[in-house]
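Below you'll find the structure, written out as structure tokens, and then a few comments.
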There are 2 protein chains.
Amino acid sequence: MSPLKAVTPDGTFVTGPGTTERLLTPGEVARIFGVDPKTVNRWALTGRIPSVRTPSRQRRYRESDINALLNAG
Amino acid sequence: MSPLKAVTPDGTFVTGPGTTERLLTPGEVARIFGVDPKTVNRWALTGRIPSVRTPSRQRRYRESDINALLNAG
DNA sequence: CACGATTTGGGTAATTGGGGGG
DNA sequence: GATGTCCCAATTACCCAAATCG
């Protein structure tokens with residue numbers, strides 16, 4: 001997995017050659033999978049999904065991680 | 001943490017031998033963490049992230065500070 | 001039925017984003 | 001156009017008890 005690397009002028013990530021992505025909120029991930037946001041929280045706690053932590057301890061999820069799970073499920 | 005030193009022609013700072021970095025805008029930091037720019041503002045107000053002030057009282061953030069927070073999550 | 005392990009749901013405090021206006 | 005600030009409802013994290021499963 002590519003490390004999160006700051007940063008392009010528009011604030012997106014460079015995760016690979018010519019590849020940028022953004023971070024998703026727990027609620028967004030929840031809607032994608034059709035589950036409760038609390039469930040997404042537990043996925044992160046149990047290591048089913050990697051998560052990025054904000055300085056205030058909230059979680060954000062990398063688009064590429066979510067897509068990988070969607071294509072693997 | 002290295003002090004900010006003289007600027008290079010491309011606007012980045014020299015922080016050490018062979019090390020340069022630049023200052024990030026609130027919007028850039030916001031996208032890095034997947035939050036709203038106003039949230040970044042709050043982080044600075046509550047002391048969660050260090051900030052540099054422009055003469056017009058706007059905030060800028062050191063790349064190294066942001067990376068430290070990302071890797072500390 | 002009892003047991004441990006995992007999942008679910010409630011309560012609460014903290015955090016966040018939208019709207020408005022500077 | 002991006003930021004800084006204020007108010008307020010929605011979102012989230014965390015703890016812990018209840019429910020469910022094997």
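Owing to the predicted nature of the structure, the values given are computational and were not obtained by experimental measurement. Each chain gets a letter, A, B and so on, in the order its sequence line appears, and its residues count up from 1.
Between B/Asp36 atom CG and B/Arg42 atom CZ the span is 8.0 Å, to the nearest 0.5 Å. In this structure, the separation between CD on B/Glu63 and CG on B/Leu70 is 10.5 Å, given to the nearest 0.5 Å. Once rounded to the nearest 0.5 Å, the distance linking CG of B/Asn41 with CD of B/Gln58 reads 10.5 Å.
In this entry the distance linking CZ of B/Arg53 with C1' of D/dT3 reads 11 Å, nearest Å. Computed from coordinates, the A/Ile49 CD1 to D/dT12 P distance equals 13 Å when rounded to whole Å. Between the CG atom of A/Leu23 and the C1' atom of C/dT16 there is a distance of 15 Å, rounded to whole Å. The distance from atom CG of B/Leu45 to atom P of D/dC6 is 9 Å, rounded to the nearest whole Å. Put simply, CZ on B/Arg48 is 7 Å from P on C/dT16, counting in whole angstrom units. Here the C1' atom of nucleotide D/dG1 and the CD atom of B/Glu28 are 14 Å apart, to the nearest Å. What separates CZ of A/Arg31 from C1' of D/dT11 is a distance of 10 Å, to the nearest Å.
Using a 4.0 Å cut-off, no side-chain N or O of B/Arg42 falls inside it from OP1 or OP2 of C/dA14. Taking side-chain N and O atoms only, B/Thr25 has no distance below 4.0 Å to OP1 or OP2 of D/dA2. Contact annotation: A/Arg57 reaches the phosphate of D/dC14 (side-chain N/O to OP1 or OP2, under 4.0 Å). One finds a side-chain N or O of A/Arg59 lying less than 4.0 angstrom from the OP1 or OP2 phosphate oxygen of D/dC14. Taking only side-chain nitrogens and oxygens, B/Trp43 never comes nearer than 4.0 Å to OP1 or OP2 of C/dT15. Look at A/Ser56 and you'll find a side-chain N or O under 4.0 angstrom from OP1 or OP2 of C/dT16.
For B/Asn41, counting side-chain heavy atoms from C-beta on, the closest listed nucleotide (D/dT5, D/dT12, D/dT3) is D/dT5.
Counting any heavy atom pair closer than 4.0 Å across all strands shown, B/Pro37 reaches no nucleic acid atom.
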Audit row: B/Arg60, B/Leu24, side-chain contact (heavy atoms from CB on, under 4.5 Å) steps and yes/no: CA-CA 6 Å; B/Arg60 295 294 184 270; B/Leu24 307 179; over 6 Å; no
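Side-chain to base pairing of B/Lys38 with C/dG20: no donor and acceptor N or O lie closer than 3.5 Å to each other.
When each of B/Ile32, B/Leu45, B/Val35 is checked for a side chain to side chain contact (heavy atoms under 4.5 Å, CB included) with B/Val40, only B/Val35 meets the rule.
Judged by closest nucleotide on DNA chain C, A/Asp36 is the one of A/Arg60 and A/Asp36 placed further toward the 5' end.
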